Amino acid sequence: MSIDRKKLEKYYMRCEHAASLKGSYMNYSKWSKLLKAISDSDIQFLPNQVRLKVIGDDNPYMVSLVDYYGNGTCTGDGVSGTIKTKHIEHIIIPFNSIIELTRMKDLIDGLGKYECEIDPEKITLTIFGYR
(Lines give C-alpha, C1' and ligand atoms only; values in the text may rest on other atoms or scores of the structure.)
Protein backbone atom coordinates (compact mmCIF):
# COMPACT_ATOMS: atom_id res chain seq x y z
CA MET A 1 0.00 0.00 0.00
CA SER A 2 1.51 3.29 -1.09
CA ILE A 3 1.11 6.47 0.93
CA ASP A 4 0.36 9.59 -1.05
CA ARG A 5 2.74 12.10 0.55
CA LYS A 6 0.83 15.15 -0.71
CA LYS A 7 -2.44 13.89 0.75
CA LEU A 8 -0.71 13.12 4.04
CA GLU A 9 0.85 16.60 4.16
CA LYS A 10 -2.55 18.18 3.41
CA TYR A 11 -4.12 16.13 6.17
CA TYR A 12 -1.49 17.23 8.72
CA MET A 13 -1.82 20.85 7.61
CA ARG A 14 -5.61 20.65 8.07
CA CYS A 15 -5.12 19.18 11.56
CA GLU A 16 -2.60 21.87 12.50
CA HIS A 17 -4.92 24.62 11.27
CA ALA A 18 -7.93 23.21 13.14
CA ALA A 19 -5.83 22.80 16.29
CA SER A 20 -4.66 26.41 16.10
CA LEU A 21 -8.29 27.56 16.28
CA LYS A 22 -8.99 25.67 19.52
CA GLY A 23 -7.51 25.66 22.99
CA SER A 24 -5.53 22.54 23.86
CA TYR A 25 -5.90 20.81 27.22
CA MET A 26 -3.15 18.27 26.59
CA ASN A 27 0.54 17.99 25.76
CA TYR A 28 2.81 15.01 25.09
CA SER A 29 3.76 14.47 28.75
CA LYS A 30 0.11 14.52 29.87
CA TRP A 31 -0.87 12.05 27.13
CA SER A 32 2.05 9.79 28.07
CA LYS A 33 1.16 9.88 31.77
CA LEU A 34 -2.52 9.20 30.99
CA LEU A 35 -1.97 6.36 28.50
CA LYS A 36 0.59 4.65 30.77
CA ALA A 37 -1.72 4.88 33.81
CA ILE A 38 -4.66 3.45 31.86
CA SER A 39 -2.65 0.57 30.39
CA ASP A 40 -1.03 -0.25 33.78
CA SER A 41 -4.36 -0.22 35.64
CA ASP A 42 -6.62 -3.20 36.26
CA ILE A 43 -9.73 -1.15 35.46
CA GLN A 44 -12.07 -3.01 33.13
CA PHE A 45 -13.32 -1.09 30.08
CA LEU A 46 -14.31 -2.21 26.58
CA PRO A 47 -10.94 -1.91 24.77
CA ASN A 48 -12.28 -2.97 21.37
CA GLN A 49 -14.87 -0.15 21.47
CA VAL A 50 -12.66 2.83 22.41
CA ARG A 51 -13.24 5.60 19.89
CA LEU A 52 -11.01 8.54 19.13
CA LYS A 53 -11.85 11.67 17.16
CA VAL A 54 -9.02 13.48 15.43
CA ILE A 55 -9.26 17.24 15.07
CA GLY A 56 -10.32 18.27 11.56
CA ASP A 57 -11.76 14.82 10.75
CA ASP A 58 -15.39 13.82 11.32
CA ASN A 59 -14.76 10.06 11.26
CA PRO A 60 -14.03 8.46 14.65
CA TYR A 61 -11.33 5.79 14.84
CA MET A 62 -11.34 2.64 16.96
CA VAL A 63 -8.03 2.63 18.85
CA SER A 64 -6.03 0.89 21.53
CA LEU A 65 -5.06 3.08 24.46
CA VAL A 66 -1.32 2.60 24.21
CA ASP A 67 1.63 4.96 24.11
CA TYR A 68 3.48 3.57 21.07
CA TYR A 69 6.81 5.30 21.57
CA GLY A 70 6.68 5.87 25.33
CA ASN A 71 6.76 9.64 24.98
CA GLY A 72 3.07 10.49 24.51
CA THR A 73 3.40 11.43 20.84
CA CYS A 74 1.43 8.60 19.21
CA THR A 75 -1.34 6.14 19.86
CA GLY A 76 -3.57 4.13 17.51
CA ASP A 77 -3.97 0.53 16.45
CA GLY A 78 -3.10 -1.94 13.74
CA VAL A 79 -5.91 -0.82 11.44
CA SER A 80 -5.76 2.96 11.55
CA GLY A 81 -2.02 3.05 12.25
CA THR A 82 -0.41 5.53 14.55
CA ILE A 83 -2.24 8.73 15.42
CA LYS A 84 -0.43 11.79 16.74
CA THR A 85 -1.75 12.65 20.18
CA LYS A 86 -1.51 16.36 19.44
CA HIS A 87 -4.29 15.81 16.86
CA ILE A 88 -6.71 14.05 19.26
CA GLU A 89 -9.87 16.05 19.85
CA HIS A 90 -11.32 13.51 22.29
CA ILE A 91 -11.30 9.85 23.29
CA ILE A 92 -14.48 8.01 24.32
CA ILE A 93 -13.95 5.02 26.61
CA PRO A 94 -16.99 2.72 27.14
CA PHE A 95 -17.47 0.59 30.27
CA ASN A 96 -19.65 -2.34 31.31
CA SER A 97 -20.34 -0.89 34.73
CA ILE A 98 -20.60 2.49 36.40
CA ILE A 99 -18.26 1.21 39.13
CA GLU A 100 -15.42 0.71 36.65
CA LEU A 101 -16.16 4.07 35.04
CA THR A 102 -15.94 5.74 38.47
CA ARG A 103 -12.66 3.94 39.18
CA MET A 104 -11.25 5.25 35.88
CA LYS A 105 -12.41 8.80 36.64
CA ASP A 106 -10.77 8.59 40.09
CA LEU A 107 -7.54 7.32 38.51
CA ILE A 108 -7.50 10.19 36.01
CA ASP A 109 -8.34 12.76 38.69
CA GLY A 110 -5.39 11.46 40.70
CA LEU A 111 -3.00 12.09 37.81
CA GLY A 112 -3.67 15.83 37.62
CA LYS A 113 -5.96 18.19 35.76
CA TYR A 114 -7.61 16.50 32.77
CA GLU A 115 -10.76 17.62 30.96
CA CYS A 116 -13.18 14.69 31.25
CA GLU A 117 -16.89 14.15 30.98
CA ILE A 118 -18.95 11.21 32.21
CA ASP A 119 -22.10 10.01 30.46
CA PRO A 120 -23.84 7.77 33.03
CA GLU A 121 -26.54 6.68 30.57
CA LYS A 122 -24.11 5.37 27.96
CA ILE A 123 -21.55 4.44 30.66
CA THR A 124 -18.76 6.27 28.85
CA LEU A 125 -15.93 8.58 29.80
CA THR A 126 -14.79 11.23 27.33
CA ILE A 127 -11.29 12.67 27.68
CA PHE A 128 -10.76 15.91 25.79
CA GLY A 129 -7.61 17.04 24.04
CA TYR A 130 -9.39 20.08 22.58
CA ARG A 131 -12.76 21.69 23.00
Side-chain angles (χ1 to χ4, degrees):
M1 183 167 107
S2 175
I3 297 174
D4 185 346
R5 293 276 181 211
K6 287 186 180 188
K7 283 185 180 179
L8 190 59
E9 285 177 24
K10 273 183 144 176
Y11 169 75
Y12 284 134
M13 284 176 45
R14 187 174 71 236
C15 285
E16 293 296 326
H17 175 70
S20 72
L21 301 175
K22 296 183 174 221
S24 175
Y25 294 124
M26 301 292 273
N27 58 36
Y28 290 138
S29 62
K30 285 181 82 172
W31 277 118
S32 183
K33 189 177 183 180
L34 178 69
L35 293 171
K36 182 170 178 18
I38 290 172
S39 66
D40 289 349
S41 78
D42 64 345
I43 298 170
Q44 299 295 311
F45 60 95
L46 303 171
N48 58 341
Q49 294 179 24
V50 174
R51 296 178 314 280
L52 174 148
K53 184 178 178 308
V54 175
I55 206 163
D57 191 349
D58 292 334
N59 300 320
Y61 296 93
M62 299 297 236
V63 296
S64 301
L65 293 178
V66 294
D67 184 357
Y68 274 117
Y69 302 120
N71 59 7
T73 60
C74 290
T75 189
D77 65 11
V79 176
S80 60
T82 57
I83 296 171
K84 291 185 178 185
T85 55
K86 72 178 183 177
H87 295 155
I88 296 173
E89 187 167 327
H90 64 262
I91 295 174
I92 300 173
I93 306 171
F95 295 85
N96 277 329
S97 75
I98 197 75
I99 294 168
E100 292 297 304
L101 178 128
T102 305
R103 287 183 63 212
M104 181 68 79
K105 179 71 167 104
D106 291 343
L107 171 77
I108 292 170
D109 287 345
L111 296 174
K113 185 164 173 50
Y114 290 85
E115 287 295 318
C116 300
E117 192 173 275
I118 290 177
D119 183 340
E121 290 179 16
K122 294 181 181 176
I123 314 176
T124 60
L125 173 70
T126 303
I127 304 167
F128 295 95
Y130 295 90
R131 251 201 200 184

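This structure is a prediction, so every number in the text was calculated from the model and none was measured.
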Using every non-hydrogen atom in the two residues, find where Lys36 and Asp40 come nearest and quote the distance to one decimal. NZ-OD2, 2.7 Å
Short side-chain to backbone donor-acceptor contact, Tyr130 and His87, under 3.5 Å: no
Under the side-chain contact (heavy atoms from CB on, under 4.5 Å) test, residues paired with Ile123 that sit two or more places apart: Phe95, Leu101
Under the rule for side-chain hydrogen bond (donor to acceptor under 3.5 Å, both in side chains), what residues qualify as partners of Asn27, not counting sequence neighbours? Ser29
Establish whether Leu34 and Leu46 are linked, either directly or via other cluster members, by ILVMFWY side-chain heavy-atom contacts under 4.5 Å. no
Residues passing the side-chain hydrogen bond (donor to acceptor under 3.5 Å, both in side chains) test with Thr73, sequence neighbours excluded, are Asn71
Check whether any side-chain N or O of Thr82 sits under 3.5 Å from a backbone N or O of Tyr68 as a donor-acceptor pair, and report yes or no. no
What's the spacing between Ile127 CD1 and Thr124 OG1 if we round to 0.5 Å? 11.0 Å
Any side-chain heavy-atom pair of Glu100 and Phe45 under 4.5 Å: no
Mind checking what makes salt bridge (charged side-chain N to carboxylate O under 4.0 Å, His left out) contact with Asp42, not counting sequence neighbours? Arg103
Can you find a pair of side-chain heavy atoms, one from Phe128 and one from Ile91, that are under 4.5 Å apart? no
Are the side chains of Pro60 and Leu52 in touch, meaning some heavy atoms are under 4.5 Å apart? no
side-chain hydrogen bond (donor to acceptor under 3.5 Å, both in side chains) filter on Asn48, not counting sequence neighbours, yields none
Would you indicate whether the side-chain heavy atoms of Ser64 and Val50 approach each other to under 4.5 Å? no
Of all pairs that satisfy salt bridge (charged side-chain N to carboxylate O under 4.0 Å, His left out), the ones with a partner from residues 58-67, not counting sequence neighbours: none
Pairing residues for Asp106 by the salt bridge (charged side-chain N to carboxylate O under 4.0 Å, His left out) criterion, not counting sequence neighbours: none
Rounded to the nearest 0.5 Å, what separation is found between the CG atom of Leu107 and the CD1 atom of Ile43? 4.5 Å
Please tell me if the side chains of Ile92 and His90 come closer than 4.5 Å, counting only heavy atoms from C-beta onward. yes
So, for Gly72 and Trp31, which heavy atoms are closest and what is the spacing to 0.1 Å? O-CB, 3.7 Å
Taking only residues two or more places apart in sequence or in another chain, which ones pass side-chain hydrogen bond (donor to acceptor under 3.5 Å, both in side chains) with Lys122? none
Hits for side-chain contact (heavy atoms from CB on, under 4.5 Å) against Ser39, two or more places apart or cross-chain, chain-then-number order -> none
Between Val54 and Ile88, is the side-chain contact (heavy atoms from CB on, under 4.5 Å) condition met? List the steps. CA-CA 5 Å; Val54 175; Ile88 296 173; 5.5 Å; no
Could you tabulate the donor-acceptor pairs under 3.5 Å formed by side-chain atoms of residues 108-118, not counting sequence neighbours?
{"residue": "Asp109", "atom": "OD1", "partner": "Lys105", "partner atom": "NZ", "Å": "2.8"}
{"residue": "Asp109", "atom": "OD2", "partner": "Lys105", "partner atom": "NZ", "Å": "3.3"}
{"residue": "Tyr114", "atom": "OH", "partner": "Lys30", "partner atom": "O", "Å": "3.1"}
{"residue": "Glu117", "atom": "OE1", "partner": "Arg131", "partner atom": "NH2", "Å": "3.0"}

